[in-house]
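Right, one structure below, let's go through it.
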Amino acid sequence: MNRPVLEKNLKLSRRDFIVGSAAIANGGLALGMRVPFDAAHADTSASASQVNIWVAIKPDDTCVIRIARSEMGQGTLTGLAQLVAEELECDWSKVTTEGVTPGQNLAAKRAWGEMGTGGSRGIRTSQDYVRRGGAAARIMLMQAAANQWNVAASELTFSKGVISHAASNRSVRYGQVAAAAAQLTPPDPKSITLKDPKNWTIAGQPLKRLDTADKLDGSKIFAIDLKLPGMLCAAIKDCPVYGGKLTSFDESKVVGMPGVKKVVRVKDTAVAVVADTWWRAKKALDALPIVWDEGPNAAASSATIAEMLKDGLGASTTNGDRHNGDALKAIAEAPKKVEAVYSTPFLAHAPMEMMNCTVKLSADRADAWVPTQNLEASLAALSETSGIPLNKCEIHRHDLGGGFGRRGGTQDYVHQAVEIAKSFPDTPIKLIWSREEDQAHDFYRPISQCRLSAGLDNDGNLLGLHVRISGQSINALLNQKGIVGGRDMRQLQGYYETPGDAQLGYDVPNLLIEYVMRNSHVPVGPWRGVNTNQNAVYMECFMDEVARAAGKDALEFRRALMKNHPKHLAVLNAAAEKGDWGKPLPPGIHRGLAQFMGYGSYSAAVSEVSVSPQGKLKVHRIVLAVNCGHMVNPGQIEAQAQGSVAYGLTAALYGEMPVDKGRMTNLNFDTYEIMRLAEMPKVEVVLVPTYDFWGGVGEPTICVVTPSVMNAIYAATGKPVRSLPLKNVKLV
Amino acid sequence: MAKLNINGTVREVSAEADTPLLWVLREHVGLTGTKYGCGIAQCGACSVHFNGEVQRSCQIPLGQITEADKIVTIEGLSEGRSHPVQRAWAAVDVPQCGYCQSGQIMAAAALLAQNPKPADHDIDAAMTNICRCGTYQRIREAVHMAADIGTTGKRG
Ligand code: FES
Ligand code: FES
């Protein structure tokens, strides 16, 4: 909805710019371009010399590294800084970072490239040009030193921010030549040879994050904490039923309440109260009589949606497939058949910092302060809804209190905040969603059902496999052009034949995998790991059912299908080995495993669980192996893997957003339960990088957590678990 | 005008008696380190020390607080992040997004004040705050380390 504005504008800018610089055309490096520092950052960089757009160096040798991506806890900020610093060869203890704003990027003809942070792309899609940026800056600093000493740059050596000329026994620090370096013509980025990752000393190390200190004493200002002069706060309620509308509200009942300034209709569907504090706004909103026109969707429920999905399991047309051989025939003729139907529910993201956005509109200027995974989409939303041209708009960066895919392209809360701010010119308006609003108006993980059937020969070999998913499509709502010729392959993430991104790790002689699109009125979107989550549950849990029917060990059964997938297999083997697969178990403990691929990385898990005679589940230990190719910060990869266990296991144990009378239920953490520390299993992360590709980190590991636990429960009880969350399943 | 003793300083606050301490701190006193996560006592993001005990400030209305009550927020836990819990948190690199961490740190500091050498099951029982980023494993490690720093003065 908002993308076209920005894209149109950027396309124009790009075209204009390509005339002037070939570098931009191939990925957004514009060395030597002078980009003014944001006035807001004048303190940190007043005396810094900008060597190029990625690096500025102060006289005291502090290296300010520019970061274009968003930080939401995943550690990208530190990882990107490590990559730049590695090639810059600076002193890591002197590195600080500074966020690039989308307004700066736009003014610089998108010199910093794409700013979106999702799909576990933060590092892997920018590593090449940020490393070249660091290397180019180093080359310019060396040249400046060479010029100063009147020697050839090739005679110089460098280490930790110091350039030396051995022959004359002279040395100079980066900070002393940065100003001169900034005047030089930058080298052609393509001419630069990057370091072999084998020789990295800063990247590849488990360095501490750069952004921890202000998270320890409450001084970090999240967007929700923002305080601006004259600021007012807004609380909002959108129609609880999607597709419904706001009919009316009785402002007279709340106008006299303390601090209340105004009640504002927000488009056709929502109403907001604006007051001097958020708490007063929320209190008045709760007291405001509102009449909704709930529309036709008010009749929908979890049951009607389940019926719709079930219908899709038997539909005659599909919306995307992959196949080889004749799976249906092979299964029909097989001496032994296995069949099962699985399902997974809608899930909310529930980041700890709820949706919020502060907007200030003036006659010819618009500013927003917003936690966002897509700074440029926020800028576009601000411009589109305010009517103020992009180049008069700016987004002020705040790190996110969690993202998980919620704060990407949609920018619904930015549109709302702008709409409200229109009633208050020159006044900053801070819109904060309550937790309940955040739960009720998410873009949920898509719901689906899956029917699987398999045929085995008398020796227990897999002859044919048929997988049919009936479920809601993310592209249908958010990215129509991702659906080509009625085929929406994104919903089959993790089942692809093509290698490199989300390839299925099994070869089956007769295979048919199908997607049938069935969309409810509930909006869906990417949720950490996106469709790999459900698809891994379906494939990996059914694999265990089939292996058992074949009378084979779950690991051996998989290995036989993985001969042509050495990377998948290596990770599975690593998890199995570290997870003691096949070794004796303590009494009452049972193991399950799973492997899958997503976001260019390979993951596998072995879980250990116990199930009490009363059916109470405890997850004791999870061994999680991952191959993400190159590793920029093993410490952060480990942290992400641990975090993915908490996020994934929370969903497995408790997560569901049921629909009742058209609206979402489970609107706060009393009913949308979140796993606590006491339930966190011991997580052992096994890093098995092969250093020959760049895979993602934030999302790949989550999808194997749940199926490995479900398979361990199956091992414990002998009963396969086929629906989630587990709290609804009678385990014994 | 209510008088509150926050981080050792008495502050005058003018807000309705039913305003939760969380919002008094955030919107009237200007201390935003204490976070809103649920408003219903579930998440612990709003944890403060109230007369030496960890409390969820979204559940304490202003009208129930007197000047005699001593409130400590994350901003007042220590000078220069020097509390053993903060030092351990930095050493273990606990925070991811950081949003829940004020509350986690306040809960851990309260635990250690009562139990300088907690076992794992003590940590399980005391650390009930939600972290959506999933930093639980490092929190456990850091609580143990903070206990070491607190009892022996080493590390951090
Ligand atoms: S905001 Fe107080 S417990 Fe969640
Ligand atoms: S660190 Fe992000 S919620 Fe805990």
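Below, chains carry the letters A, B, ... as their sequence lines are ordered, and counting in each starts from 1. Basis for what follows: all heavy atoms, side chains included, without hydrogens, waters or symmetry-related copies. Computed from a predicted structure; not experimentally measured.
- A:R676 pairs by the salt bridge (Lys or Arg N to Asp or Glu O under 4.0 Å) definition with nothing, not counting sequence neighbours.
- Contacts with chain A were tallied for B:D93, B:T32, B:N129; B:D93 has the most, counting heavy-atom pairs under 4.5 Å.
- Ion pairing of A:R280 with B:E16 is present here, as a side-chain N (NZ or NE/NH1/NH2) and a carboxylate O approach within less than 4.0 Å.
- Partners of A:Y647 by ring-ring contact (aromatic ring centres under 6.0 Å, His included), not counting sequence neighbours, listed by chain and number: A:F404, A:W527.
- Residue contact with chain B, scored on non-hydrogen atoms closer than 4.5 Å, involves the backbone and the side chain of A:L216 alike.
- A distance of 13.0 Å separates CD of A:Q642 from OH of B:Y136, quoted to the nearest 0.5 Å.
- The most heavy-atom pairs under 4.5 Å with chain A, out of B:H83, B:H28, B:R138, B:H121, come from B:R138.
- Proximity to chain A (any heavy atom under 4.5 Å) is shown, for B:T19, by both the backbone and the side chain.
- Between chain A and the residues B:P95, B:S102, B:G33, the largest count of heavy-atom pairs under 4.5 Å involves B:P95.
- Using a 4.5 Å cut-off between non-hydrogen atoms, the part of residues 218-228 of chain A that approaches chain B consists of A:G218, A:K220, A:I221, A:F222, A:I224, A:D225.
- Interface remark: B:I130 contributes backbone and side-chain atoms alike to the contact with chain A (heavy atom separation under 4.5 Å).
- Residues B:R81 and A:D217 are paired through a salt bridge, judged by an N-O separation under 4.0 Å between the basic side chain and the carboxylate.
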Evaluate the criterion side chain to side chain donor-acceptor pair (under 3.5 Å) for residue pair B:Q42 and A:E673; output intermediate values, then yes/no. CA-CA 9 Å; B:Q42 284 290 326; A:E673 292 166 73; over 6 Å; no

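- Not counting sequence neighbours, the partners of B:Y36 by the ring-ring contact (aromatic ring centres under 6.0 Å, His included) test are A:W278, B:W23.
- With a threshold of 4.5 angstrom between heavy atoms, A:L207 approaches chain B through N, CA, C or O but not through any side-chain atom.
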